[in-house]
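Contents: one structure, followed by commentary.
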Amino acid sequence: MKLRTLVFLNALAVGVSIGAVNLYFQHKWFYFAVSLVIATIVSYFVFYYLIEKYVYSKIKVIYKMIHSLKLGKDLKDALAEYVSPDPINDVQQEVKEWARDKKHEIDELKKQEKFRREFLSNISHEFKTPIFAIEGYVEALQDGALQDPELAQSFLNKVSSNVERLSVLIKDLNEISRLESGELPINLQKFELTALIKEVMESLELKAEKYKIKLVFKEKYDVPTWVKADKEKIRQVLINLIDNSFKYGKENGTTFITVFALHDQYLVEITDDGMGINEEHLPRLFERFYRTDSSRSRQIGGSGLGLAIVKHIVEAHHQTINVRSTEKLGSTFGFTLEKAKEGGLNIPMITTDVD
Ligand code: ADP
């Protein structure tokens, strides 16, 4: 309702009341009419003046403040001072919207804060474990284990593997933070996928032997599989996934790599016949530092960031990654890549930043 209408109704109510009192005492409709008109007019101006001075002008200031806060400085300057013709109604609407936006903002900040806290506690936990282990072995060596060369050697090996773990952790942390900050942009180029898979398999041959795992590439196509992606980052994805298939695979097991042609994508799958993953873990598997209980208790694994890096790289290509797994039977990790038209090798195409 407009301010004028509101004031008029109030004034009318006063006018009618005074008119009614007059009619009661004077018994003349003339007095009723005169007092009604005069009281209504006087009340109208008095009310209007008071409301405008003490309520409306203040609401207008509040409205202007909220309006400019919502618009931000630049837009406010562009639109200059804006005064709503009906600030009482608008202020209600704007406050509602403003409160909703602020709530959303606060929820988002709380989420980020929780994430930061968890991240810090995870990092300190990840560092603590190998550092405590190193401390323990060094103390044992200082306390006399050095006298027994065999024991000393085994302790030194353990120190060395923990140092290695720390260095992997720092390397992966550095990698993920550079990926997320956009420092490592995605350089899309055209390359042949099967050739890259073979290169990666060759580079991991020794490691496969160490874990006693057979690495098999199920080549389905004899035509070249051209993709449009960042070759080095996809190499990293393949290494991380194949490496996991070794770590969580079984002795004398097999890791299969398969490429499927979809409509305008290729799907690469890495399948192992290892320990598998319980269904309850699957939704959180790609989170940083998330590990299943069995891999925790076996004290294997690297930084806990491998899959988070993989997911980040695949999503920065606007592609998808998924996992299927059955405990004690094995797991399959699959990710897609965009097909490219056949043609020359390694021609840089487009460069995009990581989201
Ligand atoms: P990590 O450095 O611990 O290997 P990742 O991010 O690569 O970190 O993997 C996260 C967790 O996912 C692992 O700790 C493990 O519990 C589980 N995982 C990953 N790959 C496999 C796999 N192929 N089979 C079973 N579990 C796996």
Side-chain angles (χ1 to χ4, degrees), residues 1-122 180-182 280 283-284 286-288 312 315-316 318 320 352-355:
M1 198 185 287
K2 285 258 161 57
L3 177 67
R4 282 173 202 280
T5 323
L6 193 77
V7 170
F8 176 72
L9 288 177
N10 263 305
L12 193 65
V14 173
V16 169
S17 314
I18 292 178
V21 172
N22 257 337
L23 182 66
Y24 179 78
F25 288 110
Q26 311 278 347
H27 303 288
K28 285 211 170 96
W29 281 102
F30 173 73
Y31 289 110
F32 170 76
V34 170
S35 50
L36 181 136
V37 171
I38 294 173
T40 304
I41 291 171
V42 172
S43 313
Y44 179 85
F45 285 110
V46 171
F47 284 162
Y48 193 85
Y49 172 77
L50 290 178
I51 291 180
E52 175 66 40
K53 186 163 167 40
Y54 294 103
V55 183
Y56 220 59
S57 57
K58 291 199 170 67
I59 287 179
K60 268 187 195 163
V61 174
I62 296 173
Y63 173 79
K64 264 197 246 174
M65 257 170 58
I66 293 172
H67 195 73
S68 2
L69 259 174
K70 263 183 66 187
L71 289 178
K73 195 177 171 308
D74 296 347
L75 252 180
K76 188 191 142 202
D77 287 349
L79 294 175
E81 285 292 352
Y82 170 76
V83 183
S84 162
D86 185 8
I88 290 190
N89 258 335
D90 286 359
V91 90
Q92 184 190 9
Q93 193 57 32
E94 299 254 342
V95 165
K96 260 194 211 157
E97 280 172 23
W98 192 55
R100 201 184 48 223
D101 290 352
K102 288 290 149 201
K103 186 177 175 308
H104 182 74
E105 229 171 83
I106 290 168
D107 287 349
E108 198 53 39
L109 287 173
K110 274 188 191 159
K111 227 164 68 189
Q112 284 176 11
E113 172 61 22
K114 183 169 168 268
F115 178 77
R116 221 175 13 242
R117 252 186 286 125
E118 278 179 11
F119 187 59
L120 273 178
S121 102
N122 280 330
E180 288 187 354
S181 67
E280 66 173 299
R284 300 194 58 194
F286 293 94
E287 285 177 21
R288 301 157 172 195
H312 193 94
E315 288 183 350
H318 304 292
T320 52
T352 50
D353 283 338
V354 180
D355 294 329

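Quick note: numbers below take in every heavy atom, side chains included, and nothing from hydrogens, waters or symmetry partners.
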Just how far is it from atom [atom1] of [X] to atom [atom2] of [Y], taken to the nearest 0.5 Å?
X	Y	atom1	atom2	answer
Lys58	Glu52	NZ	CD	11.0 Å
Phe115	Leu120	CZ	CG	10.5 Å
Asp107	Lys102	CG	NZ	12.5 Å

Residues forming a side-chain hydrogen bond (donor to acceptor under 3.5 Å, both in side chains) with [X], sequence neighbours excluded:
X	value
Arg284	Glu287
Lys111	none
Lys96	none

Worksheet item: Looking only at heavy atoms, what is the nearest atom pair of His312 and Glu180, with distance?
Response: CE1-CG, 3.4 Å

Discussion item. Please enumerate all residues that pass salt bridge (charged side-chain N to carboxylate O under 4.0 Å, His left out) together with Arg116, with sequence neighbours excluded.
Written reply: Glu113

Donor-acceptor contacts under 3.5 Å from residues 21-44 side chains, at least two apart:
unit_1 : atom_1 : unit_2 : atom_2 : d
Asn22  : ND2    : Ser35  : OG     : 3.1
His27  : NE2    : Tyr24  : O      : 3.3
Ser35  : OG     : Tyr31  : O      : 2.6
Ser35  : OG     : Phe32  : O      : 3.1
Thr40  : OG1    : Leu36  : O      : 2.5
Ser43  : OG     : Ala39  : O      : 2.5

Practice prompt. Taking atom CZ of Phe45 as the centre, report whether more than 12 heavy atoms of other residues, nucleotides or ligands fall under 6.0 Å from it.
Written response: no

Sequence neighbours left out, cut at 3.5 Å: what donor-acceptor pairs do the side chains of residues 6-19 make with other protein atoms?
unit_1 : atom_1 : unit_2 : atom_2 : d
Asn10  : ND2    : Leu6   : O      : 3.4
Ser17  : OG     : Ala13  : O      : 2.6

